[in-house]
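Down below is the structure, laid out as structure tokens.
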2 protein chains.
Amino acid sequence: MQNSVSALTLRIACSSCNLRELCLPVDLSNAELEHLDALTSIKRSYHRGDFLYRSGDKFTSLYAIRTGFFKTQVLHEDGREQVTGFQMAGEIIGLDAISSEIHACDAIALEDSEICELPFDQLEALSRELPALQRHLHKIMSREIVRDQGIMLLLGSMHAEERLAAFLLNLSQRFAARGYAANAFELRMTRQEIGSYLGLKLETVSRTLSQLQSNGLITVHNKSIELSDVRRLFDLVGQHPAAPL
Amino acid sequence: MQNSVSALTLRIACSSCNLRELCLPVDLSNAELEHLDALTSIKRSYHRGDFLYRSGDKFTSLYAIRTGFFKTQVLHEDGREQVTGFQMAGEIIGLDAISSEIHACDAIALEDSEICELPFDQLEALSRELPALQRHLHKIMSREIVRDQGIMLLLGSMHAEERLAAFLLNLSQRFAARGYAANAFELRMTRQEIGSYLGLKLETVSRTLSQLQSNGLITVHNKSIELSDVRRLFDLVGQHPAAPL
DNA sequence: CATGTATTTTGACCTAGATCAAACGCAATT
DNA sequence: AATTGCGTTTGATCTAGGTCAAAATACATG
């Protein structure tokens with residue numbers, strides 16, 4: 001039981017977090033989980049539009065998303081921007097900063113959100129004590145590499161329609177893993193942000209969504225999406241429904 | 001001094017490897033380096049075209065490239081392929097397989113090559129003992145994530161000419177870091193492989209190289225490349241020469 | 001509720017790169 | 001030297017998606 005907490009620096013125990021099935025504690029025994037509570041993980045709140053960190057900031061911590069939705073983006077010097085990912089509850093962000101100890105991208109809240117700040121030094125020290133945590137941390141980083149390779153495949157060799165289908169199916173699967181409806185959800189990001197992520201212009205995103213709708217694969221009403229024919233969406237990306245993106 | 005070795009399972013000591021400035025031992029003290037020698041790292045040779053591993057193979061080890069050149073590629077079910085990277089001496093490959101313990105891509109030698117096989121269980125165990133090694137392993141993984149994000153930016157928002165310029169400058173910098181000439185080198189890969197990596201067709205790669213040549217930025221003779229005007233190449237990618245790709 | 005601002009949709013047109021096809025160069029083989 | 005075969009270059013066309021512009025819709029704020 002937690003008491004006498006400040007609003008800004010509420011210490012959070014992983015063992016009592018309802019995201020423990022998705023987040024850092026995956027694969028840890030109860031005994032190990034208690035050790036993880038030794039981590040001084042701080043809960044913080046962000047409003048829509050707030051920066052969790054900025055490119056160039058000194059790296060100290062990874063961040064586990066408790067609630068809400070973030071995007072990460074890299075800015076090119078000439079003003080071009082590339083959204084590199086959309087992150088939701090249970091996902092860990094900040095991994096790109098470990099290499100240089102300086103954040104390489106911006107992380108921005110797309111809706112009001114809460115995160116757990118995980119001081120990386122402590123996380124490393126603890127993972128020397130807990131092999132299961134060490135392995136899981138490695139898996140999280142490796143998973144990010146695999147994800148990025150999937151996006152490279154998408155950007156390098158898929159058409160607009162396939163990119164959108166893959167994007168929507170990926171969101172669907174991640175919502176489903178969190179207990180939300182897989183076939184109907186609200187987009188948290190603009191067409192422009194989707195386009196940046198998928199290497200398309202916002203007009204193309206809009207047109208392609210309309211086209212998927214008129215072909216009966218989805219229903220779009222502004223930011224609300226319904227997947228009407230998941231089978232044909234999977235056909236479009238040339239994947240079996242079992243395989244994650 | 002090493003004696004009585006078999007051709008296939010030569011044990012290699014990191015402490016006596018001339019790649020230690022680039023590879024796993026970076027940032028380790030001499031004392032730590034000796035511990036790293038406890039790792040049963042096995043040297044193996046591959047011929048041009050050989051697979052180091054295939055997508056679907058069980059993951060056991062990371063691989064450090066001692067000499068030679070590799071490509072990694074992911075194959076889409078419908079036959080599309082995407083080259084996800086070209087790797088040279090001192091670079092570590094196989095990181096993508098940690099997450100699922102199954103390799104997610106193919107790794108293929110582009111010329112006769114030698115690698116060090118690094119059993120991952122042992123590497124993890126050792127990195128629990130050596131914080132500097134642990135940190136370095138994390139940095140290697142993080143650097144791969146940053147690299148992938150750079151490619152996402154390239155694929156998502158750059159034109160053919162910019163992609164080729166960025167590609168050539170990146171190779172140049174990596175050759176330079178290994179003591180080779182920065183401004184003249186041989187490509188180890190085909191136009192088709194470059195195209196797959198950069199999200200372009202091989203004809204576009206060829207045309208764009210010709211165009212860079214006629215603009216005086218490079219000289220191309222088949223696989224041999226000379227960077228004639230590095231300054232303007234950097235201008236093209238909108239980067240200052242100091243910044244790595 | 002009215003007004004101003006951002007986002008989305010849709011249309012008309014344009015272009016970078018894809019596609020298709022042919023010729024060329026170079027290395028290995030006979 | 002001729003043959004074969006792969007990789008590369010170059011040309012002629014085509015098209016998916018970009019660009020530019022305007023209208024429609026949603027959203028925020030006084």
Side-chain angles (χ1 to χ4, degrees), chain A residues 47-49 71 78-83 108 110-112 154-168 186-215 218-226 236, chain B residues 47-49 69 71 78-83 108 110-112 154-168 186-215 218-226 236-237:
Chain A
H47 291 108
R48 180 186 156 81
K71 70 168 174 180
D78 54 17
R80 270 179 293 204
E81 71 172 49
Q82 171 77 29
V83 171
I108 300 169
L110 293 180
E111 61 183 32
D112 292 358
L154 179 145
L155 291 173
S157 63
M158 286 181 150
H159 290 174
E161 200 179 32
E162 301 169 310
R163 294 183 198 192
L164 261 301
F167 172 70
L168 294 176
E186 296 288 312
L187 296 175
R188 267 72 169 184
M189 68 295 282
T190 66
R191 302 288 189 264
Q192 141 80 3
E193 287 163 333
I194 297 171
S196 169
Y197 183 58
L198 298 179
L200 302 169
K201 293 290 152 180
L202 71 95
E203 295 94 329
T204 304
V205 172
S206 177
R207 267 185 248 279
T208 306
L209 288 175
S210 300
Q211 175 187 330
L212 287 170
Q213 174 164 246
S214 59
N215 291 341
I218 66 176
T219 311
V220 198
H221 282 114
N222 201 14
K223 297 223 147 121
S224 120
I225 297 282
E226 192 193 323
L236 208 47
Chain B
H47 291 108
R48 180 185 157 81
F69 217 91
K71 71 168 174 179
D78 54 17
R80 270 180 293 203
E81 74 172 47
Q82 171 78 27
V83 171
I108 300 169
L110 293 180
E111 60 182 33
D112 292 357
L154 179 146
L155 291 173
S157 63
M158 285 182 151
H159 289 175
E161 201 180 31
E162 301 169 310
R163 293 183 198 193
L164 261 303
F167 173 69
L168 294 175
E186 297 288 312
L187 296 175
R188 268 71 170 184
M189 68 294 285
T190 66
R191 302 286 189 265
Q192 140 80 4
E193 287 163 333
I194 297 172
S196 169
Y197 182 58
L198 298 180
L200 302 169
K201 294 290 152 182
L202 71 94
E203 295 95 328
T204 303
V205 172
S206 176
R207 267 185 246 278
T208 306
L209 288 176
S210 300
Q211 174 188 330
L212 287 171
Q213 174 164 246
S214 59
N215 291 340
I218 65 174
T219 311
V220 198
H221 282 114
N222 203 13
K223 298 223 146 122
S224 117
I225 297 282
E226 192 193 323
L236 208 47
V237 306

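Protein chains get the first letters and strands the later ones, always in sequence-line order, with residue 1 at the start of each.
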Between [X] and [N], is there a contact of a side-chain N or O with OP1 or OP2 at under 4.0 Å?
X        : N      : answer
B/Lys223 : D/dT8  : yes
B/Arg207 : C/dG17 : no
A/Thr204 : D/dG18 : yes

Of the candidate nucleotides [options], which contains the atom at the shortest distance from the side chain of [X]?
X        : options               : answer
B/Glu203 : D/dT8, C/dT10, C/dT19 : C/dT19
B/Leu200 : D/dT8, C/dA18, C/dA21 : C/dA18
A/Leu202 : C/dT19, C/dT9, D/dA26 : C/dT9
A/Lys201 : D/dG18, C/dT19, C/dT9 : D/dG18

I need the [X] [atom1] to [Y] [atom2] distance, nearest 0.5 Å.
X        : Y        : atom1 : atom2 : answer
A/Thr208 : A/Arg191 : OG1   : CZ    : 11.0 Å
A/Met189 : A/Lys71  : CE    : NZ    : 10.0 Å
A/Leu198 : A/Gln82  : CG    : CD    : 9.0 Å
A/Phe167 : A/Ile225 : CZ    : CD1   : 8.5 Å

Practice item. Rounded to 10°, tell me the angle between the two end axes of the helix from C/dC1-D/dG30 to C/dT30-D/dA1, each built from five pairs. Key: 50°
Atom-to-atom span, [atom1] of [X] to [atom2] of [N] - whole angstrom:
X        : N      : atom1 : atom2 : value
B/His159 : D/dT19 : NE2   : C1'   : 11 Å
B/Leu212 : D/dT9  : CG    : P     : 12 Å
B/Leu110 : D/dG7  : CG    : C1'   : 15 Å
A/Leu209 : C/dT8  : CG    : C1'   : 10 Å
A/His221 : D/dA24 : NE2   : P     : 18 Å
A/Leu187 : C/dT7  : CG    : P     : 14 Å
A/Arg48  : D/dA28 : CZ    : C1'   : 11 Å
A/Leu164 : C/dT9  : CG    : P     : 11 Å

Point to revise | Basic-acidic side-chain contact under 4.0 Å: A/Arg80, B/Glu162 | key: yes
Practice item. Considering only NZ, NE, NH1 and NH2 on the basic side and carboxylate oxygens on the acidic side, decide whether A/Glu111 and A/Arg188 come within less than 4.0 Å. Key: yes
Point to revise | Shortest non-hydrogen separation from A/Asn222 to A/Val220 and the atoms involved | key: O-CG1, 3.6 Å
Just checking [X]: base, sugar-phosphate only, or nothing, at a heavy-atom cut-off of under 4.0 Å?
X        : value
B/Thr190 : sugar-phosphate
B/Ser210 : sugar-phosphate
A/Gly195 : nothing

Review point. Which is it for A/Glu186 and A/Lys223 under the salt bridge (Lys or Arg N to Asp or Glu O under 4.0 Å) test, yes or no, and what are the steps along the way?
Key: CA-CA 5 Å; A/Glu186 296 288 312; A/Lys223 297 223 147 121; over 6 Å; no
Review point. How do A/Glu161 and B/Val220 order along DNA chain D: which one's closest nucleotide is nearer the 5' end?
Key: B/Val220
